[in-house]
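Below, chains carry the letters A, B, ... as their sequence lines are ordered, and counting in each starts from 1. Because only heavy atoms are used, hydrogens play no part in the values below, and waters and symmetry mates are left out as well, while side chains stay in.
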Amino acid sequence: MNIIVPIKQVPDLVEELEVDASGKGLDREWLKLKVNEFDDHALEEALLLKEENGGTVTVIALDGEDIDKALYAAAAKGADRVVKVTGDFEVPVPNHTAARALADVIKSMDCGLVLTGVQSVEDRDGQLGVLLAHYLGMPHISVVTHVSVNGGEVTVHKEYGGGVVAEYEATAPVVLGIQAARETPRYVPVAKVRQAMRSTALEEVAAHAADAGAGSSVSRMFKPESGGHAEMLQGSAEEVAGKLAEIIKSKM
Amino acid sequence: MSNNIFVITEHLKGQVDDVSYEMLGKAKELAASYGGQVIAVLLGSGAKSLADDFAADKVLYAGHPQLAEFNPEGYCKTIAGLVNSHEPKAVLVAYSSQGVDIAAALSVECDLPLVAYVSNLNAESITSQLYGGKMSVESKVEGERYIAAVLPGAFPADAGKGGGATVEEVAVPELDGLKVRFKHLIEPEGGDVDITQQKVLVSVGRGIQNEDNLPIVQELADKLGGALSSSRPIVDSKWLPKTRQVGKSGLKVKPKVYIAVGISGAPEHIEGMKDAECIIAINTDPNAPIFDYAHYGVTEDLFDVVPALTEKL
């Protein structure tokens, strides 16, 4: 079975985010990007399934800043094929556009499962996996934390609140929105990524699908105005610890 | 097309989720500004009575054995059919485990724009929380109709409770041969600390950096006679069991004192702890959203503050 894993780069939230001059988007000049953490989990789950059942893993992404590095890192982790879909995409690319473009390429591939991150921090027009499933005409299950494959049948756990999980069976091909892999996503040292850059053929496919667009436009981006704000305690670590101790004692 | 507002309600184990009431309350405001009605959509099997306290003008009830439990394929097929035949002005879907499998599906099957992570909306604009709650975005949809995926906890639930709606049973499409089949629910394993019953929770997030640093926060929890809880990444990394997770896919907690250590405060986490009596946040990022919900905030390094605090208690 070939497992296809769409990944994307998103802003790293550890960095400070600022609104750009248009007032409608992020200032991307100094923005640090990283692979969507849920996509990392999707790739990990795909690699675990390959280790258990054989088959291949294909990682696919739309062209964009730093995407080559992300694809080579996926190859270094164990992906068999890495594919870049090229085209002139908006930044950030709406998920409807991304899903159309990806579906157009994936439909000509051998595909038993599609595993992708359940969500990302930029999903203004909805989650990629579900859009992709409907453009491909495949069923989907999101918020998945466990996958096992038995021939053409797949058993998955979909997570609800409070630790309750629903078990589903699905007939492949199916698109799964991964919440968490069974194992912590594997780490790959930079040296192995460099090696993959030399030894891996990064395939490029031009996007043909029409630009679906988000179906909406941003009229304003702003830092949330909060209803309230914490009383900030100032001073050295020692001093604030003292103040906190008093506050905590008074509340218990 | 109509000016009506569809609310896709959801339930699990015979209980309607609060987010359904939250959306019904909001839909009432929207319907008033558009001059339409609130139409609740309920799917299930023998579940019609779940709609008894819906504050809606009408309930569309689709009953079928295949719809007894949530099934992404069967639910999407049924709901898409209803949206396409009724053509409501707006469809509100929860940004929940079930809703995430519905909203984007409707967007494709009904060819409607979708705005996700919605924290507020009115007839003029739709506001989403993006980037883990660090940015708000107002969207304008193209065309007359849209779908909004609404964050749980964004609106009061009481406004959506009432009753007296007329219930119309609707035809269910052919559901034989679905590719996705519900098997059963699995309850969490017991045996661990019940974090919903604690007076004090010390909750740890990504800021703790690695598993070896956990004793620092565990010692604080022990000193306070409380328990250790966490945000999602800590559980995904297997540093703490699932039973300790606070938030959307974890538990909702309401302790007397909640100390968030190295937690930025993504909407999914806030959903689970915002009702705690006293919230203290320790995070080096002064712009972390958690400070908008905390009563007291500290931006000193947790590795300095937490041991000092443990010492002083």
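With sequence neighbours excluded, no residue forms a side chain to side chain donor-acceptor pair (under 3.5 Å) with A/Glu239. For the ring-ring contact (aromatic ring centres under 6.0 Å, His included) test, no residue two or more places apart in sequence or in another chain qualifies with A/Phe38.
Of the atoms belonging to B/Ala105, heavy atoms from both backbone and side chain fall under 4.5 Å from chain A. In this structure, the portions of B/Glu138 lying under 4.5 Å from any heavy atom of chain A include both its backbone and its side chain. In this structure, chain A has heavy atoms under 4.5 Å from both the backbone and the side chain of B/Asp236. Heavy atoms of A/Leu26 lying under 4.5 Å from chain B belong exclusively to its side chain. The part of B/His295 that comes within reach of chain A is its backbone (N, CA, C, O), which places non-hydrogen atoms under 4.5 angstrom from that chain. Neither the backbone nor the side chain of A/Ala133 comes within less than 4.5 Å of any heavy atom of chain B. Contacts of B/Ile282 with chain A are made by side-chain atoms alone, with heavy-atom separations under 4.5 Å and no backbone atom involved. If you measure heavy-atom distances from A/Glu37 to chain B, the contacts under 4.5 Å come from the side chain alone.
Residues of residues 112-121 of chain B that come closer than 4.5 Å to chain A, counting heavy atoms only, are B/Pro113, B/Leu114, B/Val115, B/Ala116, B/Tyr117, ordered by residue number.
Under the ring pair (Phe, Tyr, Trp, His ring centres under 6.0 Å) criterion, no residue pair touches residues 231-252 of chain A, with sequence neighbours excluded.
No more than 12 heavy atoms of other residues, nucleotides or ligands shown are found within 6.0 angstrom of NZ on B/Lys179.
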